[in-house]
Amino acid sequence: MSLKEEKRSAFSSISTRIPIKYLIKRIVERIILIIVIISFLFFLFRVLPLAFHVNPASFYVPPTYKGLSRSTLIEAIDRQWGLNQPFYIQYIDYLKNMLTFNFGYSLTYDESITTLVMQAIPVDLLILIPSLILSTILAIILGILSATKQGKLVDTINSTIAIFTYFIPAFWIFAIVLYYFGYQLGWVPTNIADALTKNGVPLHGFAYVAGLLKFIALPVILLTILSYGVRMILTRAYGIDASNSHFATYLRARGIPNRTILYKHIARNAMIPAITRTGIDFAFVLAGAVFVEEIFNYYGMGVLLVKSAETFDVPVLEAVFYIINLYAIIVLLVLDLVYPFIDPRVKYE
């Protein structure tokens, strides 16, 4: 078979597994959910304040802002953003702005809000996504190992360590490890600015990539080790259930080798809860990255969210809430599409 025919066959197989009707249905459901979230944000930040006789335009001028008079700015924002228009016009404009990522301007940061968000996301994803993937792989491997060695020393050690990592105060471990390897030994950069510069001169090309990888290596390793525990315990539990099931007993009775039963049936069933948990963690990880950003001294969505709340920068909060929810919806959509590939018992309907 030629390469072109193999590609055509693979695409045909995927199309067969994912019916177009199912795909369209899921996408439409997620679009509706996005519109519901935008509508909720509109109600929260535009409609609800009026019930308390508060002009929503006042949220666009932070209490600490120093410049033009507050009343003059509020009047200008009322006109610029159409906050003095009828509600249905405001809603249409709000919906359009959110869907096109036109979030406006932050007076607190003196910067476009879209620029702020785009600056905050990349390093977060470079650290959090690899750590989630690696921790899931580690959890599946060790979970299946424990399931096959149930009650033995290997299982006891694996399970104890997994439970222990769940209860360790991660921020404390992060701070100690960074202090020792960063400040004491100097093996890793203590902040992203040091990683991407040399003698005050910005790095470029391969040196830039190498510096970035050197910076993210420690947080990725720590997050991988400290976050695999729950998924490992889930994999172990489901692996034991699958191993003791009537189906596995039937296969053994038929003389199917244990290795084949393990890899084709037990392992596949055992990894389902770990993958599901990873999808959920993956979806909501951006909002929970504050302590990682604070300890490793880089600017991400967590820090942006906290600082915007502290300064009551409502337009930035609106944008961050929307981006986090949008990210969660996209990840959960992808999980919906790939889940039946992991678990053959799940059918696209």
Side-chain angles (χ1 to χ4, degrees), residues 34 37-38 40-42 44-46 49 56-67 73 77 81 94 97-132 170-171 174-175 178 189-197 202 211-212 215-216 218-220 222-223 227 280-332:
I34 290 171
I37 289 169
I38 294 174
F40 174 75
L41 291 174
F42 178 80
L44 187 63
F45 294 111
R46 294 287 183 89
S58 63
F59 292 150
Y60 287 73
V61 185
T64 56
Y65 181 77
K66 295 179 181 179
L73 275 174
I77 290 170
W81 289 92
Y94 190 85
N97 289 333
M98 284 293 184
L99 292 175
T100 56
F101 303 100
N102 179 21
F103 302 124
Y105 195 85
S106 169
L107 293 175
T108 301
Y109 292 92
D110 194 24
E111 185 74 81
S112 163
I113 296 175
T114 303
T115 302
L116 290 172
V117 171
M118 294 307 297
Q119 289 172 347
I121 288 179
V123 181
D124 265 339
L125 297 184
L126 279 174
I127 291 175
L128 299 171
I129 290 178
S131 66
L132 277 170
F171 61 89
F174 276 38
L178 180 63
T190 57
N191 59 70
I192 196 167
D194 290 344
L196 303 181
T197 59
L212 187 60
F215 171 74
I216 69 173
L218 185 60
V220 166
L222 288 175
L223 279 171
S227 63
I280 296 170
D281 291 344
F282 209 85
F284 299 102
V285 74
L286 280 181
V290 181
F291 77 91
V292 182
E293 297 167 15
E294 289 285 355
I295 292 171
F296 286 94
N297 299 306
Y298 73 89
Y299 172 77
M301 289 289 282
V303 170
L304 180 62
L305 180 62
V306 171
K307 289 187 176 180
S308 299
E310 289 174 350
T311 58
F312 203 62
D313 196 337
V314 172
V316 177
L317 288 176
E318 287 180 83
V320 173
F321 289 149
Y322 172 66
I323 291 296
I324 289 173
N325 279 282
L326 179 63
Y327 173 77
I329 289 169
I330 292 172
V331 171
L332 293 175

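Computed from a predicted model, the values in this text were never measured in an experiment.
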When you compare the side chain of [Y] with that of [X], does any pair of heavy atoms fall below 4.5 Å?
| X | Y | answer |
| --- | --- | --- |
| Thr108 | Phe312 | no |
| Leu326 | Ile37 | no |
| Phe296 | Ile192 | no |
| Leu99 | Ile34 | yes |

Of all the heavy-atom pairs spanning [X] and [Y], show the shortest one and how long it is.
| X | Y | answer |
| --- | --- | --- |
| Thr114 | Phe101 | OG1-O, 2.7 Å |
| Leu304 | Ala120 | CD2-CB, 4.2 Å |
| Pro49 | Leu44 | CD-O, 3.5 Å |
| Val220 | Pro130 | CG1-CB, 4.2 Å |
| Met98 | Phe103 | SD-CE2, 3.6 Å |

- Query: With no hydrogens and no angle check, is any side-chain donor or acceptor of Ser308 less than 3.5 Å from a backbone partner on Leu305?
  - Reply: no

- Between the main-chain N or O of Ile113 and the side-chain N or O of Tyr105, is there a donor-acceptor pair closer than 3.5 Å? no

Which distance, rounded to the nearest 0.5 Å, do you find between the [atom1] of [X] and the [atom2] of [Y]?
| X | Y | atom1 | atom2 | result |
| --- | --- | --- | --- | --- |
| Leu218 | Thr190 | CG | OG1 | 11.0 Å |
| Glu318 | Asp313 | CD | CG | 10.0 Å |
| Leu128 | Glu293 | CG | CD | 7.5 Å |
| Leu125 | Tyr327 | CG | OH | 5.5 Å |
| Glu294 | Phe174 | CD | CZ | 13.5 Å |
| Ile129 | Leu223 | CD1 | CG | 12.5 Å |

(request) Output, in order, the C-alpha distance, side-chain angles, deciding distance and verdict of side-chain contact (heavy atoms from CB on, under 4.5 Å) for Leu196 and Phe215. (result) CA-CA 9 Å; Leu196 303 181; Phe215 171 74; over 6 Å; no

request  = Decide side-chain contact (heavy atoms from CB on, under 4.5 Å) for Phe45 and Phe321; before the verdict, give the C-alpha distance in whole Å, the side-chain angles of both, and the deciding distance to 0.1 Å.
outcome  = CA-CA 12 Å; Phe45 294 111; Phe321 289 149; 4.2 Å; yes

Might you work through the side-chain contact (heavy atoms from CB on, under 4.5 Å) test for Ile121 and Ile323, ending with a clear yes or no?
-> CA-CA 10 Å; Ile121 288 179; Ile323 291 296; 3.8 Å; yes

- Query: Are a donor atom and an acceptor atom from the side chains of Gln119 and Tyr109 found within less than 3.5 Å of each other?
  - Reply: no

| said: The test is side-chain contact (heavy atoms from CB on, under 4.5 Å); show your working for Met301 and Val117 and say whether it passes. | reply: CA-CA 7 Å; Met301 289 289 282; Val117 171; 4.2 Å; yes

Sorted by chain and number, sequence neighbours left out, side chain to side chain contact (heavy atoms under 4.5 Å, CB included) with Phe171 holds for Pro169, Phe291, Ile295

